[in-house]
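Model, not experiment: these values are computed from the prediction. For the numbers below, each heavy atom of this structure counts, side chains included, while hydrogens, waters and symmetry mates do not.
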2 protein chains.
Amino acid sequence: MSLARQDEEPEAVSLHEQTVNKLRTVLLNGELSDGSRIPEAQLCLRFGVSRTPLREALKVLAAEGFIELRPNRGSIVAPIDPVDVAHVFELKGAIENQIGLLAALRATPQDHDRIEQVHRELATHPDPTSYTELNQEFHRALATATHNPVLVQTYDNLQKRVLRLRFVVNENPVRVAQSFDEHEAIMVAFRARARLDLAERLAEHNRLTGEAVLRTLRGEDLAP
Amino acid sequence: MSLARQDEEPEAVSLHEQTVNKLRTVLLNGELSDGSRIPEAQLCLRFGVSRTPLREALKVLAAEGFIELRPNRGSIVAPIDPVDVAHVFELKGAIENQIGLLAALRATPQDHDRIEQVHRELATHPDPTSYTELNQEFHRALATATHNPVLVQTYDNLQKRVLRLRFVVNENPVRVAQSFDEHEAIMVAFRARARLDLAERLAEHNRLTGEAVLRTLRGEDLAP
DNA sequence: TCGGGTATTTTTGAATGCAAAATGATCGCC
DNA sequence: GGCGATCATTTTGCATTCAAAAATACCCGA
């Protein structure tokens, strides 16, 4: 058996995996409207792959909930059902709560540094695109601080399911400012390792974000 | 556009989906030991399908966490890491808690009937196989009573990840009896729609089950 | 006999090909 | 002119095929 093995990167990413990521990005960017047929042949052209890896990617994304597979009738972009969005936020609330409880106890100094850093960057990037991305990273960093990879992955999957909607909300300066205030409160609890408070503030922040998203979906004004 | 469409079943299950389910069953039954290579050709023979649908199934099961895909080096059965199992139960605890909070409020009379029924059946089927299955169904029914399909699906995915281990624990009569007692306590809270109590008892039951599973994994005796 | 390197076999990843189903268009009928 | 049925086209699902990579076997030299 060979010896030098651990350092060689397993980065020989297969074509199907690249396709999964590319297609997911396309879907997250909302390039294909909800419920529309997925143009298999067209995407093959676009990504420069044959149908086999593309179809494998479709299966995976269907398992992730981005796509609906209708046997013999093609795949469609999973429509965003406001009811479903509410359900995602409801579940996410339970996980945010758990994140608060665990992160307060388990966060390493490195975790603290990272989170503080992202938090600072958020303050200086109020434009919607950067804000959405950094906000995502902020919450992801907190999730990571639980040191529970299963939780992180599940949390990530849920986030992805509502990510397409986020940029809409984050275009509203009022909500962005409010959101940042909530982040400040979260940071206070996090720095103090106040687990119950951190849990509550994360859950509350999630609830308010969910409500803002749903209001936008319903076409209501965002001002609360 | 045609009119009679809603009643025709979408049950024309595609070959790849059947394969996903069959292969998942094989994995859940522990027929392939952890870390072992997945004999692609052999499984094609067994399921009577070609490599295309089988490989699609592998991708899906990899996304579900049952399988590890190593580019150009074949797929292996995802090894059960005790640390990971602990993480699954930790996250599941948060969700069980949420299930308790929501199910107590939202369960319909039908939900109550169903859950009572499964609970009764559990009492009369102490053999490991039935018990594992009914136990699964009991918790699934409670999850369903939240009427949050996103939660149900996420919960299901987590359950699947530890399901292979369950039958081991459920072969221990002591733990089975204890588990049933916990179910009784859960039912008392559920019937009374005592949401905080139901949440706590579900979370506690989850914690105890997790500990029993981990003890078994470590080869310790099950008696607490 | 052992080690290293090369050749062979096996296995994997992806493209192509083919049959069946669905979609859409044309035509006939009322 | 509107409606339905039949036929052509497109799209989908799966099998097969081909090339490349890995695993294995083999050979040769020390």
**Prompt:** Touch check for A:Glu56, heavy atoms < 4.0 angstrom, all strands: base, sugar-phosphate only, or nothing?
**Reply:** nothing

**Message:** Taking donor-acceptor contacts at under 3.5 Å, does the side chain of A:Arg73 reach the base of D:dG13?
**Reply:** no

**Message:** Is any side-chain heavy atom of A:Leu15 closer than 4.5 Å to one of A:Gln18?
**Reply:** yes

**Item:** Rounded interatomic separation in angstrom, taking CZ from A:Arg51 and P from D:dT17
**Value:** 18 Å

**Request:** Just compare D:dT12, D:dC14, C:dT12 and give me whichever is closest to any side-chain atom of B:Glu40.
**Result:** C:dT12

**Asked** Are B:His87 and B:Asp81 close enough that a side-chain donor and a side-chain acceptor fall under 3.5 Å?
**Response** no

**From C:dA15, C:dA14, C:dT12, nucleotide with atom closest to A:Ser50 side chain** = C:dA15

**Request:** Start with the C-alpha distance between B:Asp127 and B:Ser130, add both sets of side-chain angles, then the distance that settles side chain to side chain donor-acceptor pair (under 3.5 Å), and finish with yes or no.
**Result:** CA-CA 6 Å; B:Asp127 60 293; B:Ser130 308; 2.8 Å; yes

**Prompt:** With under 30° as parallel and over 60° as perpendicular, where do the rings of A:His183 and A:His139 fit, or are they tilted in between?
**Reply:** perpendicular

**Request:** Starting from the 5' end of DNA chain C, give me the residue, B:Pro39 or B:Thr52, whose nearest nucleotide shows up first.
**Result:** B:Pro39

**Asked** Atom CG of B:Leu58 to atom C1' of C:dG13: distance rounded to whole Å?
**Response** 12 Å

**Item:** Interatomic distance where CZ belongs to A:Arg37 and P belongs to C:dT23 [whole Å]
**Value:** 7 Å

**Message:** Whole angstroms only, please: what is the CG-P distance between A:Leu15 and D:dA20?
**Reply:** 15 Å

**Item:** Separation of atom CZ in B:Arg55 from atom C1' in D:dC14, rounded to whole Å
**Value:** 14 Å

**Message:** Output the rounded distance in Å from CD1 (A:Ile76) to C1' (D:dT12).
**Reply:** 15 Å

**Complete:** Which of B:Lys22, B:Arg24, B:Arg46 passes salt bridge (Lys or Arg N to Asp or Glu O under 4.0 Å) with B:Glu31? It is B:Arg46

**Asked** Taking the nucleotide of DNA chain C with the closest heavy atom to each, which residue, A:Pro53 or A:Arg70, is nearer the 5' end?
**Response** A:Pro53

**Distance in angstrom units between A:Phe47 CZ and C:dG13 P, rounded** = 20 Å

**Length of the CG-P vector between A:Leu69 and D:dT11, whole Å** = 17 Å

